[in-house]
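Take a look at the structure set out below.
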Amino acid sequence: MQLRYQYRIYPDGLQRRALAQAFGCARVVWNDCLSDRREAHAAGLPYVTSAELSRRRITRAKRTEERGWLGDVSAVVLQQSLRDLDMAYKNFFDSVKGKRKGPRVSPPRFKSKKDTRQSIRLTTNAFSLRDNGTVYVAKVGNLKVKWSRPLPSPPTSVTVIKDSSGRYFMSFVVDTEPDILPEPDAEVGIDLGLSTFAVLSDGRRISSPKFLRRAEKKLKRLQKALSRKTEGSKNRARARIEIARQHARVADRRRDWHHKESTRIIRDNQAVYVEDLAVSGLGRTRLAKSVYDAGWSSFVNMLEYKAVKHGRYFGKIGRFEPTSQVCSVCGAKDGPKPLHVREWTCKECGTVHDRDENAANNTLAAGRADRLIACRGNVRPGQALADSDETGSNPGRGHVKPGIPTSVGSLRAFSGGSHGPAAE
């Protein structure tokens, strides 16, 4: 399988300028090639091939006075930018034709130098790992890396990222074998919520840390300070970066906590079942801030790829399963209940249910039923791959059917600081 390992890097002043130039050149090639394809489409001409764009916008452009500075960066950076554009178009066309599951993917858009996130992608002939712990990047130099843990195998590609808070990262793609753990007898269903982050069918409750809510006071103060700064001033730019850093701290804490809890669940259970929640829909309600603060999608994705990595079964039940309406003891359906009803008594058998525990038990039962149906249909897990569109435009995620524990883009392992595999 393929996994991603992300590490923090610390370029010096000259290296930051070289990376900024590489980010800019990759952006220019992307925009030039996208413009050519849009113009050809508007004029009714055939789709411009990648080979033609490579000759026109990379090879010939380097010989011109207008684009001669493209030769100052590695040619791999420019070629990978064109490949990322091809992948963005492929995702868009597949989405239009119905070949790609999940939300509709938008067509590629132009990139701006004002985008807060910049990235370039390199293949093995443009970077190498040194014995002294640095990573050599063509026409940038040896970059200092904070190795939180060693890579399990030589990387096949790397993406250099500058985030909105000004931090630099390297994201390596490595081929590795699954780390199969001993098989326990336990299986668990999980009911995700807001006040309590997760209730497991074995009775365990995971309280919600609410990282964003805890940081709101400081964020409010920083936002007020930003609003008082003059548009376009250096003070405003510094204030924006300070806000971005605070949001990055919140995201890092949430991700670290997600990794620890998801690893504990995967290690303790042979099969894990969750509900396929409509997070994007809930994100348009008055509960949006709390929903995104909980980070359900990220947590479920971690459960998914760790299940594949450690030889566990992962399944999603349908989002319209009435897990909160059905008695988990006798199966009687008692109808919908408002959110303030946390306990209820079954009218058929008289069992007093905790709303969340009952939903977790029903999730476990529904997941087992879906798994049984899938096994009778001879469904077998497929290969899970790391995202290939990390530097692309408008990426989307596919839908995972119950009983199939893998999906393209689900296997992402982060190893920055205490995150990802380092937290296991």
Side-chain angles (χ1 to χ4, degrees), residues 6-32 34-35 65-74 77-78 81 84 109-122 134-135 137-146 158-171 211-255 289 292-293 390-394 414 416-417 419:
Q6 183 167 295
Y7 302 87
R8 181 84 179 268
I9 61 174
Y10 298 90
D12 57 29
L14 291 176
Q15 291 171 343
R16 286 196 295 269
R17 284 192 285 271
L19 286 174
Q21 187 176 18
F23 294 148
C25 291
R27 182 181 64 251
V28 167
V29 169
W30 171 288
N31 289 342
D32 288 347
L34 178 58
S35 177
E65 184 177 354
E66 182 184 3
R67 292 284 192 267
W69 35 264
L70 290 176
D72 296 337
V73 302
S74 172
V77 171
L78 309 181
S81 182
D84 291 334
R109 64 169 180 84
F110 289 107
K111 294 185 177 181
S112 171
K113 63 180 180 181
K114 295 183 180 179
D115 291 342
T116 56
R117 185 183 184 277
Q118 305 284 343
S119 61
I120 55 173
R121 190 157 59 90
L122 304 164
T134 62
V135 176
V137 175
K139 297 195 176 182
V140 175
N142 294 318
L143 295 171
K144 181 181 178 181
V145 182
K146 181 66 175 179
V158 65
T159 302
V160 183
I161 305 165
K162 180 184 178 183
D163 68 5
S164 58
S165 61
R167 301 180 301 176
Y168 291 84
F169 296 92
M170 275 188 169
S171 179
F211 294 104
L212 180 60
R213 295 292 186 181
R214 287 157 52 184
E216 274 187 326
K217 185 176 180 180
K218 185 173 183 179
L219 284 169
K220 182 178 180 180
R221 177 176 58 81
L222 293 175
Q223 290 285 3
K224 285 185 177 180
L226 176 65
S227 66
R228 291 192 291 266
K229 301 297 187 292
T230 305
E231 289 282 350
S233 65
K234 292 184 179 180
N235 285 337
R236 186 178 179 86
R238 283 192 288 267
R240 185 203 64 79
I241 291 176
E242 185 60 32
I243 294 175
R245 286 175 178 169
Q246 183 62 23
H247 278 291
R249 294 188 192 104
V250 172
D252 289 345
R253 291 167 186 158
R254 183 189 299 116
R255 187 183 305 113
K289 183 180 289 189
Y292 288 122
D293 188 16
E390 186 172 61
T391 57
S393 173
N394 299 332
F414 298 93
H419 309 307

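Numbers for residues simply follow the sequence, beginning at 1.
Every residue two or more places apart in sequence or in another chain that forms a salt bridge (charged side-chain N to carboxylate O under 4.0 Å, His left out) with E231 is listed here: R236. Partners of D12 by salt bridge (charged side-chain N to carboxylate O under 4.0 Å, His left out), not counting sequence neighbours: none found.
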Review point. Run the side chain to side chain contact (heavy atoms under 4.5 Å, CB included) check on V29 and V77 step by step: do they pass?
Key: CA-CA 10 Å; V29 169; V77 171; over 6 Å; no
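The pair D252-R255 meets the salt-bridge criterion, since a charged nitrogen lies less than 4.0 angstrom from a carboxylate oxygen. D32 has a carboxylate O that lies under 4.0 Å from a charged side-chain N of R67, or vice versa, which qualifies the two as a salt bridge. Salt bridge K111/D84: absent, no basic N to carboxylate O contact under 4.0 Å.
Heavy atoms of other residues, nucleotides or ligands lying less than 6.0 angstrom from NZ of K139 number more than 12.
At distances below 3.5 Å, not a single donor-acceptor pair connects side-chain atoms of T116 with backbone N or O atoms of S164. Looking only at distances, no side-chain donor or acceptor of K224 sits under 3.5 Å from a matching main-chain atom of K220.
A donor atom on one side chain and an acceptor atom on the other are not found under 3.5 Å apart for N235 and S233.
With rounding to the nearest 0.5 Å, the separation of NZ in K218 from CZ in R249 is 5.0 Å. From R167, atom CZ reaches atom CD1 of I161 across 11.0 Å, with rounding to the nearest 0.5 Å. Remark: K162 NZ to Y168 OH distance equals 4.0 Å, nearest 0.5 Å. I9 contributes atom CD1, which lies 11.0 Å from atom CZ of R16 (distance to the nearest 0.5 angstrom).
Side-chain contact between K229 and R238 is absent, with no heavy atoms from C-beta onward closer than 4.5 Å.
Tested against D293, the residues R254, R214, R253 include a single salt bridge (Lys or Arg N to Asp or Glu O under 4.0 Å) partner, R254.
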